[in-house]
Amino acid sequence: DKVIDSDTFGGINNSCLVFDGRLVIDTECHTNDPVIYAAGPLTKYKRAFYCDEFTHDIYCSKEIGERLASVILPIFDPSFPPVEEVEKYELPKYVRPKPPAVMATLR
């Protein structure tokens, strides 16, 4: 597991966000604060999904960023097509893994 920087942890903790080894999010990239979104290797899905092994750090960062953008852009631009609906307890489906060279350095 990665060690989080103490300043980053302090910011998360002082913002009263849920931290369970990583910043906890739902399927729409919301934290427990509805106006704060998060994605990337520092995040994990809430325990209600029973998926501790499916964190964003095993997927392609570009695909994670595209998902986050598709969630946030409709808020600012109503003409932007909305994100595909995901069942309440179903995880988004990511299809692009990290490149093999990146995965080799994670082991």
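Bear in mind that the values here come from a model prediction, so they are computed numbers and not experimental data. One is the number of the first residue; the rest follow in order along the sequence.
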Could you pull out every donor-acceptor pair under 3.5 Å between side chains of residues 3-12 and any protein atom, sequence neighbours left out?
from : atom 1 : to : atom 2 : distance (Å)
D5   : OD2    : D7 : N      : 3.3
D5   : OD2    : T8 : N      : 3.4

Please list every donor-acceptor pair under 3.5 Å in which a side-chain atom of residues 31-38 meets a protein atom from a residue at least two apart or in another chain.
from : atom 1 : to  : atom 2 : distance (Å)
T31  : OG1    : D33 : N      : 3.3
T31  : OG1    : D33 : O      : 3.1
T31  : OG1    : I36 : O      : 3.0
N32  : OD1    : V18 : N      : 3.0
N32  : ND2    : C16 : O      : 3.0
D33  : OD1    : V35 : N      : 3.1
Y37  : OH     : H30 : NE2    : 3.2

Please give me the minimum heavy-atom distance between A39 and I64, naming the atom from each residue.
CB-CG2, 3.6 Å

Using every non-hydrogen atom in the two residues, find where A69 and P74 come nearest and quote the distance to one decimal.
O-CD, 4.2 Å

Any side-chain heavy atom of Y45 within less than 4.5 Å of one from I25?
yes

Between T43 and R22, is there a side-chain heavy-atom distance shorter than 4.5 Å?
no

Any chain of hydrophobic side-chain contacts (each under 4.5 Å) joining L17 to F19?
yes

Tell me, please, which residues at least two apart from D20 pass salt bridge (Lys or Arg N to Asp or Glu O under 4.0 Å).
K44, R47

Return the CG to CD distance between L68 and E28, rounded to the nearest 0.5 Å.
10.5 Å

For R67 and C29, indicate whether the former's side chain and the latter's backbone hold a donor-acceptor pair under 3.5 Å.
no

